[in-house]
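The block underneath contains the structure these notes are about, expressed in structure tokens.
Only this structure's heavy atoms are used, side chains among them; waters, hydrogens and symmetry mates stay out. If you're wondering where the values come from, they're calculated on a predicted model, not measured in any experiment. So you know, we letter chains A, B, ... as the sequences are listed, proteins then strands, and number each from 1.
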Amino acid sequence: MWSELKKAIASFDIPADWIGIRAVKETSTTRSVRDGLPQVNGKSFTVGAMLEVLVNGCLGYAATNSLELSYLQHAAETAYKQALAASEWWIHPFGESERPKVVGEYKSPYLEPLDALSPGEINDLLVRICQTLKVDDKIVQTIASASTIERESWFTSSNGSEVYQKILSIGTHYGATAQDGAVVQQRSNNGSQANCYQGGLELLKQENLWHRVRQIGEQAVELLTAEECPTTRTNLVLAPDQMMLQIHESVGHPLEIDRILGDERNYAGGSFVNKSDFGNLVYGSPLMNITFDPTVPGEFASYGFDDTGAVATKEYLVKEGVLQRGLGSLESQARAGVPGVACARASSWNRPAIDRMANLNLEPLNGSFEDIIAGIEHGVYMESNRSWSIDDRRYKFQFGCEYAKLIENGKLTKTLRNPNYRATTPEFWHSLIQVGDATNWQMYGTPYCGKGEPNQAIWVGHGSPVCVFANVEVFGGGS
Amino acid sequence: MKIEELSALEVSFNQLIETLLIKKSENEQFTVKLSSERSQFTRFNHAKVRQTGCVADGWLELTLMADQRSSVRQFPFIGNWDVDWQLAYTALQELRDELILLPIDPYLVLPSGNNTSREIHSGNLLADELVVPTVLKLVAELDFTGIYAGGIVIKAYGDSNGQKHWFATDSFTLDYSLFSTSGQAVKGTFAGSNWDISAYIAKISEAKQQLELLSRPAKELPRGQYKTYFAPAAVADLLLMLSWGAVSEADIQQGNSALAALSRQEKKLSPRFSLKENFQRGLVPRFNELGEIAALELPIIEKGHLVNSLVNSRTAKEYQKIANGANGSETLRAPEVTTGNLGFEQILPSLDTGLYVSNLHYLNWSDRHTGRITGMTRYACFWVENGEILAPIENLRFDESLYRFWGDKLVDLTNFQEFIPEVGTYESRQLGGSLVPGMLVEDFTYTL
């Protein structure tokens, strides 16, 4: 691949200051079963290249779904014309420092290759999961799915960059719907598509799989007769599978520097955070330590280099409650003049890179799950996201979960259904009063983080321990 | 895309279908779906260009069916027969190897119709190099942000039963916001197949007038219930929720639908509320993944009653229903909400005191089975007193059931509709949009 891409760059007859090619090949599979019957069996293959051309500080791009030389040449000419046409109106003069020379390689760790099981064997497993989920006649629907991705990318440029990355990832999902008359409840394994990791087919069978599958089915039925979550203000304990969403929406997105610079205002929105807040803003309680960390083995959004060639390193975004830096690529750092991270990523070859969050983790402190619950006189414990909404400045949010337990006098007691909570971002993170330890730190991920114009859905990872927030507004479902 | 490029794609696609027909075994059936585009995407911020480029993309989806089993392969399609056929033939062989390993699918639907269609909608778009100066010269002094997306989109279909469809359209969308210095914004969309500079000038002039209203200090409202007028763009946002776990017959059958209670006639909507699928505008293909053609019109909710859900052939087979040409995910493709009696001049007097909501943001079910939706107000939303707009509002979170705002709390709908174009670009440029009126609602619940 390298020789073909280098040959292409050498052949371009355009007076550009810099040229880059990011070629991507991706094969993904999706298999899903409902009520023990096959729904989807498929494999998708995509290949293409994104060409970027820098002319007088202005970048233009063109993407093509063929790696043949003539197509790459045509794309380079198109990208050049795009840059020229925009040169009078360009938002910031970029240079090669936003596309540094870098050479390196990153490969996901894995034990078993993605084809270690045949399509038939994977379907058999999914069918068995569905059968095991159906613990009761009140289970009216069971679902199970597995998806894999093998993605290779090659980034090369006229200033000598050569980056090869190979990412293997797998996502699994299963859940049950229970119904009794008009009452319908759904329960899944940590929320929709939350079990997404880098690795091989060894991830298909997680530890205690069958115990967990039965538990999900039983909890779906249990929710049918559970009490509604009360409407009150109380201590809210969030499991790591809900903390994933909380971190993503109310820390990750507001810290994206391209949002702060206004790029996203027409689509995903802006941010309540300003450029001047970096290094100053007390974002939350002193227990809050959030890192940007693409180096965690097996976490869904790990990588060695971003899509513009910046080297990925672990950085604190929030340390002991104080905002340190933002999620800004080299381009955003140049425009905003604030520290950022290696986060320029694109969903595929056909989209330009923008600021993305990669893995965003809440660092563990102390407290086992049992100790945390034992220390709470009254509260609600919630698991697994089912509803999310937050305003365009990432300020006022409302999230809902699948499953909850009342906490009374240091013990988990009644099961609660339709649990929801709402708050504003600063109020909420300032109410963080306890952060669990490494024993209850768990990581999840999602392939569906949406952003950008044109739109891009990308994969992110989030890890967190169990956390306690004081005096939060919680409430139940409708009637 | 030049006409010869378009022609090369169609020739290669047709040849591929013909060759697959020759190669297929007697017990095999197949469908082929094509999605292709040549698009320019130019992104703006602060009336400058943030990113600009072109994307040439295209892919085929080959589904092979045999012995009550099926599987799918998706692969690139570039319009070069040698390359396209090589990928297709590899996919065919892989599918044959895989099918024998898969479980039997009792609800597999084979292609069976004899539909054919060919629609080409030509446009008159801005030349690539003219997009930036044409769009920005008019707004150079404003805080203008958004995206221009334009070019040709192709959707096509062929199958082993001889059905064939080809739909190509040349179109653009300019989806933009104009911000005031206080951070309030006016949202606009300008879309079509012909760039009309006078229409663009008129759009921006209208937005500038709204921007002046937004320069007043914003009013912070306490949570509570307010009479609210929802402009058509906000109604379109609420309407889109019906494609996510509501109007799908599979969702109704499987316990996933917000309209299950309406379906069971346990709850009802206002007799003022009617919804239909209306393909008369011809902005989206009428064919689905099995080559079936939807009726030009399909009533869904008539005077508050659910008269049809969206039923694709697979759902029909599983639940013994009659299919109505719905797509695989049973989502609305050309929705239209019927008008009411509220005239444009009557909107503010009828609202009297309450909220004028132009747009909504980030909607989600907060309790799907009771039809409860949460989300935020966003862009050009105002506090109105005695029929007069007084001030923009700070954004408010709402949490309310569709059984209330399209039920007994629905006061009226406007006697005019607006077409709200689909501007989404996930995977590829989306087509179509919603035709909707504005609506006036009593006691809408705002929570934060």
Side-chain angles (χ1 to χ4, degrees), chain A residues 37-38 40-48 59-66 75 78-79 81-83 85-86 88-91 118-120 123 127 140-141 177 179 182 184 261-263 265-266 269 350 352 387-392 396 398 400 418 420 422 450 453-455 457 477-479, chain B residues 41 43 45-46 48-59 71-76 78 98 101-103 105-106 128-129 132 136 145-147 149 175-177 179 185 254-256 261 266 361-367 369-370 372 374-376 378 395 397 399 401 424-426 447-448:
Chain A
L37 299 173
V40 176
N41 273 290
K43 185 188 279 188
S44 176
F45 170 69
T46 183
V47 61
L59 286 158
Y61 69 81
T64 170
N65 64 343
S66 171
T78 303
K81 287 176 187 166
Q82 288 286 310
E88 272 185 54
W89 306 87
W90 194 241
I91 198 160
S118 74
N123 273 270
V127 168
V140 295
Q141 186 195 72
T177 302
Q179 183 165 13
V184 182
L261 289 165
D263 292 354
R265 288 177 299 163
N266 183 59
N350 56 9
S387 176
W388 60 98
S389 175
I390 188 164
D391 72 33
D392 56 317
K396 295 178 176 180
Q398 177 173 314
N418 301 323
N420 298 280
R422 60 168 80 100
E453 292 175 314
N455 306 152
S479 55
Chain B
F41 296 114
R43 189 179 202 198
N45 182 14
H46 294 300
K48 300 282 186 186
V49 176
R50 171 62 190 99
Q51 285 172 315
T52 184
C54 295
V55 174
D57 197 0
W59 45 264
S71 187
V72 185
R73 287 292 179 280
Q74 201 178 88
F75 48 89
I78 61 174
E98 181 175 314
L101 302 172
L102 299 180
D105 176 3
D128 290 354
E129 65 276 14
V132 170
L136 288 185
T145 178
I147 185 167
D175 180 28
Y176 61 91
S177 305
F179 277 79
Q254 294 161 19
N256 297 328
E266 293 166 4
H361 173 63
Y362 218 144
L363 276 57
N364 203 333
W365 299 113
S366 55
D367 185 6
H369 300 104
T370 56
R372 220 175 71 191
T374 189
M376 294 296 300
R378 186 182 180 188
N395 282 342
R397 168 162 301 287
D399 192 343
S401 171
T425 46
Y426 284 108
T447 56
L448 182 63

Under 3.5 Å: donor-acceptor pair, side chain of Gln82(A), backbone of Gly53(B): yes
Heavy-atom pairs under 4.5 Å with chain A, option from Val132(B), Val72(B), Leu363(B) with the top count: Val72(B)
Atom CD of Glu88(A): over 12 foreign heavy atoms under 6.0 Å: no
Heavy-atom contact with chain A under 4.5 Å, split by part of Glu129(B): both
Asn395(B) and Asp391(A): CA distance, side-chain angles, deciding distance, side-chain hydrogen bond (donor to acceptor under 3.5 Å, both in side chains) verdict: CA-CA 8 Å; Asn395(B) 282 342; Asp391(A) 72 33; 5.5 Å; no
Residue Trp59(B) versus chain A: region with a heavy atom under 4.5 Å: neither
Asn65(A) side-chain N/O to Gly58(B) backbone N/O, donor-acceptor pair under 3.5 Å: yes
Option that, when pairs with chain A are counted at under 4.5 Å, heavy atom only, ranks first among Asp57(B), Asp105(B), Asp128(B): Asp57(B)
Chain A contact via His369(B) - which portion, at a heavy-atom distance below 4.5 Å: side chain
Ser71(B) and Asn41(A): CA distance, side-chain angles, deciding distance, side-chain hydrogen bond (donor to acceptor under 3.5 Å, both in side chains) verdict: CA-CA 5 Å; Ser71(B) 187; Asn41(A) 273 290; 5.6 Å; no
Engaged part of Asp263(A) at the chain B interface, taking heavy atoms whose separation is under 4.5 Å: both
Where Trp90(A) and Thr52(B) come nearest, the two heavy atoms and their spacing: CZ3-CG2, 4.3 Å
Top contributor to chain B contacts, counting heavy-atom pairs under 4.5 Å, from Gly262(A), Gly400(A), Ala79(A), Ala75(A): Gly262(A)
Lys396(A) atom NZ, neighbour heavy-atom count above 12 within 6.0 Å: yes
Between Ala62(A), Gly120(A), Ala85(A), Pro119(A), the one whose heavy-atom pairs under 4.5 Å with chain B are most numerous: Pro119(A)
Check: Gly424(B) main-chain N/O paired with Asn455(A) side-chain donor or acceptor under 3.5 Å: no
Heavy-atom contact with chain A under 4.5 Å, split by part of Ser366(B): both
